[in-house]
Amino acid sequence: KAGVTQTPRYLIKTRGQQVTLSCSPISGHRSVSWYQQTPGQGLQFLFEYFSETQRNKGNFPGRFSGRQFSNSRSEMNVSTLELGDSALYLCASSLVTGHTGELFFGEGSRLTVL
Amino acid sequence: KNEVEQSPQNLTAQEGEFITINCSYSVGISALHWLQQHPGGGIVSLFMLSSGKKKHGRLIATINIQEKHSSLHITASHPRDSAVYICAVIIYAQKLVFGQGTRLTINP
């Protein structure tokens, strides 16, 4: 059974640009959640999608957005990149919404903003 | 003050020792996850629990919802257990809030 796949694994952008990250969940999983991990703030919840609907959202500015497609694949977008957006972005898939089931994490996308 | 506090932040032990990592939280939760993160970033879910105790191999997790406290125990620790252990609480089946992690190093 294939795991959670995140692409790209590494990317470098400059301030002001935008970036799109992709997450393909485990087959059959309808929940995809996104997290940001930085050395200073640790892991922080961005948002969760379930059956193409955003169910929950963390405390991030509107520059951070996401969507989920009918095949449960999800993308997150960060517009007008800032230096502080440099981080490891992780997604996790689950059978159920609300983080109430086992979470399966991808390897992450490491974003560097110059 | 963080909603989720882990202790200790760093722990170094010898192979074979019994390990305890603690997680305290200040908000009402519905359940809690224990996660393991190895160098390189990959995260593995160890347990999700809302009451009592769960055991998987050498790992044991306990939670006391009323006292707002959970512990992760590792028996007969091994160098391959070296990782960062993170607790994360589920607030009203909506948000997931993470502790800052405990970096565990097991020396042979």
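Quick caveat, the model's predicted, so the values are computed rather than measured. Just so it is clear: chains get the letters A, B, ... in the order the sequence lines come, proteins before strands, and each one is counted from 1. FYI, side chains are in, hydrogens and waters are out, and symmetry mates aren't considered; it's all heavy atoms of this structure.
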Joint hydrophobic cluster, [X] plus [Y], side-chain heavy atoms closer than 4.5 Å:
{"X": "A:Val32", "Y": "A:Val78", "value": "yes"}
{"X": "B:Leu46", "Y": "B:Val4", "value": "yes"}
{"X": "A:Leu21", "Y": "B:Ile43", "value": "no"}
{"X": "B:Ile60", "Y": "B:Trp34", "value": "no"}
{"X": "A:Val4", "Y": "A:Phe47", "value": "no"}

Spacing of [atom1] belonging to [X] relative to [atom2] belonging to [Y], to within rounding of 0.5 Å:
{"X": "B:Met48", "Y": "A:Ser94", "atom1": "CE", "atom2": "OG", "result": "8.0 Å"}
{"X": "B:Gln94", "Y": "A:Phe45", "atom1": "CD", "atom2": "CZ", "result": "9.0 Å"}
{"X": "A:His99", "Y": "B:Ile29", "atom1": "NE2", "atom2": "CD1", "result": "13.0 Å"}
{"X": "A:Glu48", "Y": "B:Leu96", "atom1": "CD", "atom2": "CG", "result": "9.5 Å"}

Worksheet entry | Centroid-centroid under 6.0 Å between B:Phe98 and A:Tyr35 rings | yes

Response to the item:
Note: B:Gly42 and A:Glu107 closest approach over all heavy atoms is CA-OE1, 4.0 Å

Response to the item:
Nearest heavy-atom contact between A:Leu88 and B:Gln37 is CD2-NE2, 4.3 Å

Response to the item:
The interface call for A:Gln41 against chain B, heavy-atom contacts under 4.5 Å, is neither

Item to complete: May I ask you to check whether over 12 heavy atoms, not counting those of B:Arg103, lie within 6.0 Å of atom CZ?
Response: no

Worksheet item: If you draw a 6.0 Å radius around CZ in A:Arg15, do more than 12 non-hydrogen atoms from other residues or ligands fall strictly inside?
Response: no

Discussion item. Shorter than 4.5 Å, heavy atoms on both sides: which option in A:Gly106, A:Ala92, A:Gly101 has the most such pairs with chain B?
Written reply: A:Gly101

Discussion item. Are the side chains of A:Leu43 and B:Gln100 in contact, using a 4.5 Å heavy-atom criterion?
Written reply: no

Worksheet item: Looking at side-chain heavy atoms only, is the closest gap between B:His33 and A:Leu103 below 4.5 Å?
Response: yes

Discussion item. Determine whether B:Val44 and A:Phe104 satisfy the following criterion, side chain to side chain contact (heavy atoms under 4.5 Å, CB included), listing intermediate values before the conclusion.
Written reply: CA-CA 7 Å; B:Val44 175; A:Phe104 295 84; over 6 Å; no

